[in-house]
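Numbering of residues begins at 1 and proceeds along the displayed sequence.
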Amino acid sequence: MAVNALHPRALGGIVLAFAALATLPSVGLPAFYDSFFYVLFFWISLATSWAILSGFAGYFSLGHAAFLGAGMYTSATLATKFGWPFLTTIPAAGVVAALLGCGIGALVFRLPRLRGELFALMTLAVTFVLATVILNTPIDGGPGVYLSGVPVPRIVESESGSVYLMGLAMCVATLLIAWRISRSRFGLGLYAISDDEDVAEVKGVPTFRYKMSAFALSAGIAGAVGGIHAIYVGFVTVGETFGIAVPLSVVLMSVLGGARHWLGPAVGATLITVALFGFASTGLSIVGRAVVAIMLIVAMLCLREGIVPSLLRRLRPGAGQGAIGTATPKGASAERPYAMPATADVAPARPAASARVVLSVEDVHKSFGGLQALRGVNLEVYEGEILGLIGPNGCGKTTLINMITGHLSLTSGSVKIDGETISGLPAHLIARRGIARTYQIPRPFAHLTTLENVELCAQFGGREADSYRQDALHWLAFCDLTHRAHALPADLNLRERKVLELARALAARPRVLLLDEVMSGLNPSEVDTAIRLVRQIRAQGTSIVFVEHLMRAVVQLSDRVAVMNEGTLLTAGRPEEVMRDERVVGIYFGHDHAAA
């Protein structure tokens, strides 16, 4: 997201602040300050690690205590029962927690229905199961694990200072990881998953692998944090470790600061920790909790995305929301060299299409329980042609597109591109074979800017480029959307959203482009513009399957027209031939009209 971009001076200030904090143990302040700052680093690290999965990818978890506890017990067990040097137990704690996260993800992410509140409840249940296992095995056995005999690594002279520096190092590493993710291809994919996972997969994002990676990172960091925390508390018990307070605290901190921003959880953790410590030191702990609750209520009412994203947007009005940046896009030209002309056609209406079949649909069936949506559809698309796909509502046109793109699995049959079978492949691999689509109802990624929406499709479409941003700017200019590059989809009108759908599909440089009612809802002038644009796309060599109810556009654009009815292919041929077919006339106007 654009709000993840911070001014270099702000980043420099953060670096200087942590450098100054690193010198604190040598100043000779009372041990209270070491302890206070360690607790602050602990919550920052834990909240930030939670945000990598739950903020960036949108998989809301209530089970972060499970990974913290796995790390704490790993370090405690290795240090006390096996005599490992304590520093070597910290990476081991991270690995154990990461493996636990991968094990959960490998099961849960294969079940699409386990999203949202079901995922949150499942992770909470895992916490209680893990606590029960540890409590009833020699890992704990009931009395807890004492670390009083484990020597604290002497990084500096004092033990409290050494623990402080370990917490600081963990905090810095966690923030660096979150910052790097937020500005990477991986982060862009996670944001897309958070907004619309199904569309992200169809656009080329390997959603399963990315979710597994985010889960492993989130859990691994929490485990390493727990490893350090074990030596801080000195006594590890199931009741204190696996309580509901830990996951609730990290959720509140992240939501308050802004879970989709890499710095948001740190800001939320700082505000809550300082408030609670401040009131507790004056004997007003209950008042402190009330103040924190009020802060959260105000933030949710006035700053719905959290403090950091909301403040950045207000400080830079008109700026975008994404990781790409907020300045006017470089490469955007006032001349718009790729924009379509306002009047004359840029390509012949029907240049000769190749006889080579680029996409073939062979005997495709699709059943939803007892309902047969597709009944043995056979269809061929030739290289460089525009194939109009028409038929009454409910005849299976969009279902067929979903089959081709892998959004839905086939009941039987096959789909091939250039003779290679792609049916059965994950949707993101089908996208990389050269198939892209638009949606009848636009489904842009809501929290990504127009530019980021297009850049994501350029990055994950399977085509290598020197600069995906420049590629995205090219297609924005081609579709005459450069002036809206930093707008969020909610700020676009219907025509602009439709065109954004087209720009996203084109950014993948597809061999076959599937257009699903791209002209529905447009006025006559906008339809004329869209017709010119589709011709311009075909002039570049792209094969197009054109699903549309607007017959004027179908007749003007199509080299061939295929008609579907009740899940079968009724007929296919030249537009003028198909439109005179009595069966087609009967479908649209009734059999009495066809007979007349």
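- Side chain of S75 to backbone of M72: no donor-acceptor contact under 3.5 angstrom is found.
- Once rounded to the nearest 0.5 Å, the distance linking CG of L488 with OG1 of T449 reads 7.0 Å.
- Checking side-chain atoms of T89 against main-chain N and O of F86 turns up a donor-acceptor pair under 3.5 Å.
- V39 has its side chain within reach of F277: a pair of non-hydrogen atoms, C-beta onward, lies under 4.5 Å apart.
- Centroid-to-centroid, the aromatic rings of W50 and F60 come within less than 6.0 Å.
- Heavy atoms from other residues, nucleotides or ligands lying under 6.0 Å from CZ of R185 number more than 12.
- D140 and V236 get closest at one heavy-atom pair: OD2-O, 4.0 Å.
- Proximity of the aromatic rings of F109 and F215 is defined here by a centroid distance below 6.0 angstrom, and this criterion is met.
- Remark: side-chain polar atoms of R443 are not paired, donor with acceptor, to backbone N or O of V199 under 3.5 angstrom.
- Between atom NE2 of residue H483 and atom OG1 of residue T450 there is a gap of 9.5 Å, rounded to the nearest 0.5 Å.
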Chi angles and distances behind the side-chain contact (heavy atoms from CB on, under 4.5 Å) call for L24, L168: CA-CA 11 Å; L24 189 64; L168 175 62; over 6 Å; no

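- Contact of the F67 side chain with the S218 side chain is not registered, since no non-hydrogen atoms from C-beta on lie closer than 4.5 Å.
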Worked verdict on M166 versus I90 for side-chain contact (heavy atoms from CB on, under 4.5 Å): CA-CA 10 Å; M166 285 190 286; I90 297 173; 4.1 Å; yes

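- Here the closest heavy-atom approach between residue S213 and residue F186 is recorded as CB-CZ, 3.8 Å.
- Using cut-offs of 30° and 60° for the angle between ring planes, the F242 and Y73 rings count as parallel.
- Considering only residues two or more places apart in sequence or on other chains, R154 meets the salt bridge (charged side-chain N to carboxylate O under 4.0 Å, His left out) condition with E159.
- Salt-bridge formation is not detected for the pair R437/D198: no Lys NZ or Arg NE/NH1/NH2 atom is positioned less than 4.0 Å from an Asp or Glu carboxylate oxygen.
- Rounding to the nearest 0.5 Å gives a distance of 13.0 Å between CG of L107 and SG of C102.
- A distance of 10.5 Å separates OG in S182 from CG in L175, rounded to the nearest 0.5 Å.
- T127 contributes a side-chain N or O that, together with a main-chain N or O of T123, makes up a donor-acceptor pair within less than 3.5 Å.
- Note: Y191 and F445 fail the aromatic proximity criterion, with ring centroids not under 6.0 Å apart.
- Between the CZ atom of F37 and the OG1 atom of T273 there is a distance of 11.5 Å, given to the nearest 0.5 Å.
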E197 and K211: CA distance, side-chain angles, deciding distance, salt bridge (Lys or Arg N to Asp or Glu O under 4.0 Å) verdict: CA-CA 10 Å; E197 184 174 339; K211 289 185 297 184; 2.5 Å; yes

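- Residues L256 and V267 fail the side-chain proximity criterion, which asks for heavy atoms closer than 4.5 Å.
- Counting heavy-atom neighbours within 6.0 Å of F235 CZ, excluding the residue itself, gives a total above 12.
- Scanning all heavy atoms of the two residues, the minimum distance from A178 to T48 falls at CB-CG2, 3.6 Å.
- A donor-acceptor contact shorter than 3.5 Å links the side chain of T88 to the backbone of P85.
- Side-chain contact check for E496 versus L481: some heavy-atom pair is nearer than 4.5 Å.
- Of the possible polar contacts, one joining the E501 side chain to the Y439 backbone as a donor-acceptor pair under 3.5 Å is found.
- Here the side chain of S54 pairs a donor or acceptor atom with the backbone of Y59 at under 3.5 angstrom.
- Nearest heavy-atom pair, L473 versus T482, reported as atom, atom and distance to 0.1 Å: O-OG1, 4.4 Å.
- Across all their heavy atoms, R497 and A490 have their closest contact at NH2-CA, 3.4 Å.
- In this structure, L476 and L451 have side chains that are in contact, with non-hydrogen atoms separated by less than 4.5 Å.
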CA sep, side-chain torsions, deciding dist, call: R110, F208, side-chain contact (heavy atoms from CB on, under 4.5 Å): CA-CA 8 Å; R110 295 291 188 187; F208 179 77; 3.5 Å; yes

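- Checking side-chain atoms of S49 against main-chain N and O of L46 turns up a donor-acceptor pair under 3.5 Å.
- Heavy-atom contacts from other residues, nucleotides or ligands closer than 6.0 Å to OH of Y33 number 12 or fewer.
- Between L500 and R484 there is no side-chain heavy-atom pair separated by less than 4.5 Å.
- In this structure, CH2 on W179 lies 10.0 Å from OG on S184, to the nearest 0.5 angstrom.
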side-chain contact (heavy atoms from CB on, under 4.5 Å) between R432 and F460, worked out: CA-CA 8 Å; R432 295 180 186 181; F460 290 97; 4.0 Å; yes

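- The main-chain N or O of A458 is never found under 3.5 Å from a side-chain atom of D471 such that the two would form a donor-acceptor pair.
- The minimum heavy-atom distance between H428 and V205, with the atom names listed, is CB-O, 3.5 Å.
- At most 12 non-hydrogen atoms from other residues, nucleotides or ligands lie less than 6.0 angstrom from CD1 of I441.
- No donor-acceptor pair under 3.5 Å is formed between the side chain of S194 and the backbone N or O of L190.
- Considering only heavy atoms from C-beta on, I244 stays 4.5 Å or farther from L62 through its side chain.
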Return a table of donor-acceptor pairs under 3.5 angstrom between the side chains of residues 219-232 and protein atoms on other chains or two or more places apart.
unit_1: H229; atom_1: ND1; unit_2: Y38; atom_2: OH; d: 2.9
unit_1: Y232; atom_1: OH; unit_2: S35; atom_2: OG; d: 2.7

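- R260 and E305 are not joined by a salt bridge, as no carboxylate oxygen comes within less than 4.0 angstrom of a charged side-chain nitrogen.
- Residues H407 and E201 are not in side-chain contact: their nearest non-hydrogen atoms beyond the backbone lie 4.5 Å or more apart.
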